4 protein chains.
Amino acid sequence: MIVVMKPSATEENIVKVQKHIEALGLSTHLSKGSDVTIIGVIGDKHKIAVLQMNSYEGVEKTVRITEKYKLVSREFQSERSVIDVRGAKIGGRELAIMAGPCSVECEPQLMEAARAVKAAGAQFLRGGAFKPRTSPYDFQGLGEEGLKLLAQAAKEYDLRVVTEIVDIADLDVICKYADVLQIGARNMQNFRLLQAVGRTDKPVMLKRGLAATITEWLNAAEYIISSGNDDVILCERGIRTYETFTRNTLDLSAVVAVQEMTHLPIIVDPSHGTGRRSMIAPMSRAAIAAGADGLIIEVHPHPEEALSDGDQSLRPEQFAALMEEARRIAEVMGRKI
Amino acid sequence: MIVVMKPSATEENIVKVQKHIEALGLSTHLSKGSDVTIIGVIGDKHKIAVLQMNSYEGVEKTVRITEKYKLVSREFQSERSVIDVRGAKIGGRELAIMAGPCSVECEPQLMEAARAVKAAGAQFLRGGAFKPRTSPYDFQGLGEEGLKLLAQAAKEYDLRVVTEIVDIADLDVICKYADVLQIGARNMQNFRLLQAVGRTDKPVMLKRGLAATITEWLNAAEYIISSGNDDVILCERGIRTYETFTRNTLDLSAVVAVQEMTHLPIIVDPSHGTGRRSMIAPMSRAAIAAGADGLIIEVHPHPEEALSDGDQSLRPEQFAALMEEARRIAEVMGRKI
Amino acid sequence: MIVVMKPSATEENIVKVQKHIEALGLSTHLSKGSDVTIIGVIGDKHKIAVLQMNSYEGVEKTVRITEKYKLVSREFQSERSVIDVRGAKIGGRELAIMAGPCSVECEPQLMEAARAVKAAGAQFLRGGAFKPRTSPYDFQGLGEEGLKLLAQAAKEYDLRVVTEIVDIADLDVICKYADVLQIGARNMQNFRLLQAVGRTDKPVMLKRGLAATITEWLNAAEYIISSGNDDVILCERGIRTYETFTRNTLDLSAVVAVQEMTHLPIIVDPSHGTGRRSMIAPMSRAAIAAGADGLIIEVHPHPEEALSDGDQSLRPEQFAALMEEARRIAEVMGRKI
Amino acid sequence: MIVVMKPSATEENIVKVQKHIEALGLSTHLSKGSDVTIIGVIGDKHKIAVLQMNSYEGVEKTVRITEKYKLVSREFQSERSVIDVRGAKIGGRELAIMAGPCSVECEPQLMEAARAVKAAGAQFLRGGAFKPRTSPYDFQGLGEEGLKLLAQAAKEYDLRVVTEIVDIADLDVICKYADVLQIGARNMQNFRLLQAVGRTDKPVMLKRGLAATITEWLNAAEYIISSGNDDVILCERGIRTYETFTRNTLDLSAVVAVQEMTHLPIIVDPSHGTGRRSMIAPMSRAAIAAGADGLIIEVHPHPEEALSDGDQSLRPEQFAALMEEARRIAEVMGRKI
């Protein structure tokens with residue numbers, strides 16, 4: 001941390017800041033410029049992390065140099081993590097393709113979706129049984145009944161189940177049926193839930209919060225890993241901006257950032273990232289070209305009858321066509337589907 | 001809802017859209033313009049709420065006319081709600097003043113803070129015992145020990161306790177000590193938690209999410225009220241924008257918007273809303289002048305030693321001076337402190 | 001400036017960075033921590049301002065400590081500037097009240113508006129003759145004809161004219177009629193225009209750009225002052241955020257920030273800042289309570305017939321009522337209207 | 001346009017709204033629902049465009065159905081525009097590659113850059129002679145001297161010159177040397193400048209504003225085309241969001257949106273879009289995979305000595321490597337470089 005003193009700071013102000021820092025067992029390093037004096041703080045990262053120096057007289061601002069997270073960082077582990085989900089690997093040469101309906105609605109819907117996404121190349125079946133909905137009057141999911149259908153469809157078509165958890169109370173029942181636990185954007189900073197999934201042995205897919213910085217996202221991942229679970233997959237799903245043409249603004253540069261900063265795999269959700277069916281294929285291609293480790297895409301046999309997110313769901317034949325295009329981009333990237 | 005058809009939509013496209021809507025028991029109303037045809041949807045609000053028509057061929061876009069929430073709206077209840085918390089009223093002529101440290105740290109800190117805020121005019125003591133922190137390595141709160149200290153200080157100085165709940169598992173213990181349950185910005189869309197506090201008889205203060213629209217915020221309040229608890233207080237605490245000079249951008253126009261749209265009281269948090277000590281007094285005055293029903297402010301006897309949010313905490317004497325200014329603005333507004 | 005080296009940076013990397021900086025006549029100051037080495041750069045502020053060090057091998061990031069602007073800063077001039085516009089002072093004890101229609105439309109409209117705003121207490125008449133409009137098909141203003149009407153109305157009612165300039169080509173004709181030149185939000189970084197008004201002797205009101213940081217705004221003001229014109233008034237008019245309920249998000253904390261950082265007066269535009277008539281009075285009161293030096297408000301005798309911004313214009317009687325409220329808040333603040 | 005009446009609107013309110021609309025020669029269409037009445041407005045698009053109905057009593061809100069722009073839309077011209085710049089086509093099968101330094105600094109720098117970008121496959125040489133800089137103390141460009149160097153380098157290496165215009169006063173001199181006129185992000189709504197370049201016969205590259213919506217951007221393009229110049233190329237360069245890790249957030253979904261809504265070609269600027277050298281190659285690949293018609297990239301022979309934007313400039317060998325990757329993605333897309 002750097003403490004920048006005001007041009008008007010007195011010698012006494014500076015000494016007081018230094019003393020407080022040194023009393024905590026940290027060292028200081030003074031740099032007197034023509035305009036301002038800056039005080040560098042050296043020592044234990046975790047002690048520095050909790051320092052709050054703006055309250056001291058004469059302090060202009062403080063600048064943090066190092067981040068608080070550790071276990072997710074590339075400094076901690078330089079090789080990229082590859083997460084094995086019952087034989088399907090996330091983060092390796094093969095791209096992870098997750099597809100299926102927004103919500104599990106009924107057996108025929110789910111079986112038809114599962115069959116279609118498997119045929120087109122997906123290894124994972126996505127589907128919501130417990131839905132976090134903006135309004136209490138929206139469809140809230142089928143609950144355990146939905147989980148059973150997911151497990152049945154996954155078994156039938158040799159897929160792995162990815163489903164969202166919204167409450168610790170559901171943890172046991174979801175773990176019974178799911179292969180990957182999804183933490184949704186709205187729960188990215190539900191720290192207790194992060195710790196709870198961090199105590200399971202299920203891989204966790206952590207979506208970026210609606211307006212989360214990359215740093216906040218990585219700190220959220222650190223909550224999971226520091227609770228004991230190393231198998232975290234990040235998922236970029238668009239951020240909230242002033243632009244209303246798209247539902248969110250898909251931030252593909254986050255893929256590159258995350259791969260520079262962490263060893264965790266990252267997949268992209270162009271369905272929520274754009275909210276528009278016509279944009280899913282181009283943004284899927286772009287995600288792969290940017291280096292993403294996989295895609296998660298909403299596919300519904302009859303989008304116009306969907307109970308949620310119909311407007312951003314692909315029909316099975318559209319998904320199949322997209323997989324063809326994705327395959328060719330993947331090849332250029334030295335990856336495969 | 002309005003369905004706007006593309007200029008290129010055929011008669012067949014239009015009929016298909018109408019048939020789908022009418023099959024759900026809703027009526028349609030056709031308006032053919034020179035450029036585009038629009039289809040008005042008339043009937044039961046909740047049936048309309050779940051319609052997803054963008055998947056139909058020929059549809060350009062859909063526009064929602066009415067919101068999904070109901071119980072929070074002024075159409076449902078035209079007079080403003082006044083919430084009674086052991087004799088202190090929120091939403092009435094008297095402004096609700098909540099003050100205290102970010103985190104409960106130890107008995108002397110809390111007792112000193114409580115004494116000071118009471119002396120300056122606060123009726124509520126704020127303080128975190130369970131803290132949602134960005135990093136797992138930050139101070140996470142004292143837990144029940146902190147709650148006990150809050151209750152003790154509140155009793156000693158005749159204050160009411162406002163404290164945050166971050167997990168349903170803590171509900172019982174928090175209800176034992178707290179007068180008002182706070183839902184923090186990060187949990188605004190933790191819908192299970194909203195429903196859980198909605199089943200208690202404690203007033204709930206619902207902070208606006210980091211990047212929540214006013215509509216999303218009101219829908220979150222609807223979750224609480226529709227679970228059985230009418231006593232909801234909204235709290236504007238700044239939104240996330242591109243500006244980094246302040247920690248958040250305090251959106252005082254939200255005070256006006258909320259009072260037009262709902263019957264719920266709204267208070268303002270200038271501490272989190274700005275993140276800068278020097279801005280707390282001016283933004284407190286501005287909040288009252290905009291019509292806010294109260295303030296929640298971080299006060300710490302020794303900000304430079306605070307375990308969290310020291311940079312945005314007022315010293316007791318600063319808080320007392322602010323209360324003097326606030327009182328005079330409140331008078332102009334026909335309110336009192 | 002601080003150069004933060006990567007944990008993996010070599011001694012050679014560090015030396016190369018130091019050598020480049022020292023070759024420019026600047027000094028370096030090395031601070032070796034357990035994790036990272038940081039290099040402080042000391043010396044001439046303007047030399048440091050142009051340094052770009054991220055391209056060097058081993059550099060993690062650079063952090064700027066001091067801003068580039070100088071003439072606008074409180075370090076340069078500690079007392080607040082008061083700008084005299086033909087006897088009306090902006091930045092002094094009396095608040096500057098600017099009011100009038102968005103666009104000058106015709107003589108009766110403008111004369112009626114001028115009479116009304118003068119009667120209610122305004123010293124300045126605002127009105128657009130050259131309008132920057134989003135679409136080329138929108139009303140673009142009356143041009144010089146509009147300026148003449150402004151000058152005529154101002155003379156009749158002893159007001160001062162505030163009007164927008166959008167092109168250097170109009171400078172001479174506008175200077176003939178106007179007392180204050182307004183730079184609109186869309187032109188805040190039209191640097192040539194800033195320099196051009198900086199070469200006149202007319203006070204300039206510089207609106208904050210649609211999504212400008214406070215720092216960018218102050219740098220824009222620096223363009224004007226460094227061109228020779230000290231009389232700059234800043235105007236907060238709302239920033240662009242994700243919230244769509246209001247036209248913009250009025251950032252009243254910017255009033256406080258600007259007064260801490262600069263000596264320039266700052267006024268607030270609640271009309272553009274909210275885009276909603278019902279919010280203008282509460283946000284005007286809030287602006288004064290936050291410490292603003294004045295207000296600029298759209299007033300139209302018949303808003304429903306306005307050629308632009310009718311939805312956010314006050315009727316004369318609404319403006320008069322607002323002035324009464326504003327006066328009482330101003331008194332509390334030790335100001336007057 | 002749709003006018004949505006409040007639930008409390010009276011019959012008289014409704015009739016008054018209808019009468020005002022019909023008096024302008026437009027028709028209305030009434031739709032009475034159980035909660036609200038909506039009034040559809042039918043007739044001439046440009047008459048509707050200027051309607052402002054929120055001022056009428058009983059009006060809840062108005063919703064615009066059609067956009068104001070026309071000449072840029074796909075309804076006006078369904079086939080994609082291909083713009084010929086001295087033999088190089090923008091918008092056709094071949095991707096337009098523009099590269100070169102941020103600022104023209106001196107002859108050796110520019111000649112070396114030009115040679116390198118040509119060798120790697122660029123058809124266009126970019127370089128700034130008139131620079132819009134945030135601070136008046138930053139390097140402002142070489143002016144006509146820079147233009148001469150650009151023309152000389154372009155001639156030597158058979159490239160076309162793309163350079164920014166910031167002031168109408170420079171139009172003649174820039175037109176003498178440039179092949180494509182660039183309107184920068186800060187001038188996207190400098191409407192007089194748009195009209196001025198719209199009266200030339202030079203192709204214009206219009207960058208998206210810092211926080212411009214897609215609709216505002218297309219309206220800006222409409223200014224150019226409606227002034228007589230059909231040759232407009234759009235350029236996505238990142239938008240301003242809350243995320244600070246990248247300089248801007250590159251919005252690749254805008255590529256898809258623009259191609260759906262207009263017939264104009266669109267290219268992508270990953271240099272400004274990310275501000276980080278390591279992100280330029282991945283985001284370039286992603287842009288092509290999303291369907292972009294070209295790229296504009298900052299290349300500098302010695303980035304660490306650049307007078308501007310060194311941190312986001314590629315070295316010649318990095319640019320050559322990127323072109324190899326880009327070529328392979330382009331092939332998959334049925335395009336070529």
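None of the values given here were measured: they were computed from a predicted structure. Keep in mind that the numbers below use all heavy atoms, side chains included, and drop hydrogens, waters and symmetry copies. Throughout, a chain's letter reflects where its sequence line sits, starting with A, and its residues are numbered from 1.
- Ranked by non-hydrogen atom pairs under 4.5 Å with chain A, the options Ala254(D), Ser278(D), Gly291(D), Ala281(D) are led by Ser278(D).
- Between Thr246(A) atom OG1 and Ile214(D) atom CD1 the span is 6.5 Å, to the nearest 0.5 Å.
- Residues Glu243(D) and Arg208(A) are paired through a salt bridge, judged by an N-O separation under 4.0 Å between the basic side chain and the carboxylate.
- For the residue pair Met283(A) and Val256(D), the shortest heavy atom distance occurs at CE-CG2, 3.8 Å.
- Between the Tyr242(D) side chain and the Arg240(A) main chain, no donor and acceptor come within less than 3.5 Å of each other.
- For the set Ile329(A), Leu250(A), Val255(A), Thr244(A), the count of heavy-atom pairs under 4.5 angstrom toward chain D peaks at Ile329(A).
- How far CZ of Arg285(D) is from CG of Leu252(A): 11.5 Å, rounded to the nearest 0.5 Å.
- Contact check for Phe245(D) versus Thr213(A): no side-chain heavy atoms found under the 4.5 Å cut-off.
- Here the shortest heavy-atom pairing between Met279(A) and Ser253(D) reads CE-O, 3.5 Å.
- The neighbour count for Lys70(D) NZ, taken as heavy atoms of other residues, nucleotides or ligands under 6.0 Å away, does not exceed 12.
- Interatomic distance, Arg276(A) CZ to Glu260(D) CD, rounded to the nearest 0.5 Å: 6.0 Å.
- Taking each heavy atom of Ala286(A) and Ala290(D) in turn, the nearest pair found is CB-CB, 4.1 Å.
- Ranked by non-hydrogen atom pairs under 4.5 Å with chain A, the options Thr241(D), Ile239(D), Thr215(D) are led by Ile239(D).
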